[in-house]
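First up is the structure itself, then whatever we jot down about it.
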Amino acid sequence: MSDIVLHDYWRSSAAYRVRICLNLKRVRYTSVAVNLLEGAQTAADNRAINPQGLVPTLVVYGRALTQSLAIVDWLDATFPEPAMVSGDPFVRSGQLARALVVAADIHPINNLRVLKRLEQQFCADQGARDAWYRHWVVEGLTALEVMAADTPEGPFLGGKAPDIADLCLVPQLYNARRFGVPINDMPRLCAADAAMAALPEVAAAHPDCVRPN
Ligand SMILES: N[C@@H](CCC(=O)N[C@@H](CS)C(=O)NCC(=O)O)C(=O)O
């Protein structure tokens with residue numbers, strides 16, 4: 001076991017953000033699988049390191065870091081290159097705004113526990129849950145496409161290098177495709193996603209590459 005351990009689930013988009021960041025920064029780590037479909041996230045051992053009962057958690061020399069964007073912040077402070085946020089306050093604000101469209105406004109109302117709650121509390125069937133999912137993804141990504149127009153040079157969301165918003169975009173588009181959300185009319189987002197996918201460090205973080213056998 002290495003000194004840096006990611007408690008991970010192959011299809012977790014929050015964990016996928018962290019995997020991309022670790023790879024881009026070439027940080028060596030080992031992975032512990034937390035099977036969300038079996039409810040392992042709420043087991044005592046996971047709650048001991050992640051009191052919310054979620055993934056990801058990055059355990060560094062025995063200290064548990066939670067919340068994917070806080071983990072990215074720690075990684076940026078500890079392994080500065082390549083930087084995921086700029087030192088320029090205006091640039092940084094734009095990067096965080098784009099990241100938070102996904103991480104604060106799309107993802108939290110679409111994760112597993114929310115979809116389960118819709119079923120348990122409101123008897124939402126699969127069709128209703130899928131419609132809920134698609135609604136918030138389309139609304140959020142449509143706004144993000146407009147926001148990305150502020151940095152038209154690309155190919156990444158913020159320009160010539162990946163930043164924290166690209167870390168959030170890639171997993172969200174992976175999920176959008178899984179759930180059949182139309183994204184072809186979002187050329188700026190698709191271009192950034194394609195540029196990310198072409199980087200070997202990003203490709204290595206793809207769910208298909210880390211899926212347990
Ligand atoms: N804001 C948190 C979100 C973490 C989160 O929602 N993780 C999901 C997987 S992407 C999870 O563990 N879901 C388990 C569940 O909903 O029961 C972060 O960015 O780390």
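These numbers come from the heavy atoms of this one structure, side chains and all, not from hydrogens, waters or symmetry mates. Note that ligands are numbered from 1 as they come in the structure, with each ligand's atoms numbered from 1 the same way. All residue numbers refer to positions in the sequence shown, counting from 1.
Residues passing the salt bridge (charged side-chain N to carboxylate O under 4.0 Å, His left out) test with D193 are R177, sequence neighbours excluded. For the side chain to side chain contact (heavy atoms under 4.5 Å, CB included) test, no residue two or more places apart in sequence or in another chain qualifies with A197. D8 pairs by the salt bridge (charged side-chain N to carboxylate O under 4.0 Å, His left out) definition with R19, not counting sequence neighbours.
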Practice item. Report the C-alpha distance between D163 and D166 in whole Å, list the side-chain angles of each, state the deciding distance to 0.1 Å, and finish with yes or no for side chain to side chain contact (heavy atoms under 4.5 Å, CB included). Key: CA-CA 5 Å; D163 66 38; D166 299 288; 3.5 Å; yes

Atom pairs and distances, ligand 1 N/O vs protein N/O under 3.5 Å:
unit_1   : atom_1 : unit_2 : atom_2 : d
ligand 1 : 1 (N)  : Q67    : OE1    : 2.7
ligand 1 : 6 (O)  : N111   : ND2    : 3.0
ligand 1 : 7 (N)  : V55    : O      : 2.8
ligand 1 : 12 (O) : V55    : N      : 2.9
ligand 1 : 16 (O) : R113   : N      : 2.8
ligand 1 : 17 (O) : Q41    : NE2    : 2.9
ligand 1 : 19 (O) : R17    : NH1    : 3.4
ligand 1 : 19 (O) : S68    : N      : 3.3
ligand 1 : 19 (O) : S68    : OG     : 2.6
ligand 1 : 20 (O) : S68    : N      : 2.8

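The aromatic rings of Y174 and H206 stand perpendicular to each other, their planes meeting at an angle above 60°, with 30° marking the opposite boundary.
Annotation for G140 and V101: closest pair O-CG1, 3.6 Å, computed over non-hydrogen atoms.
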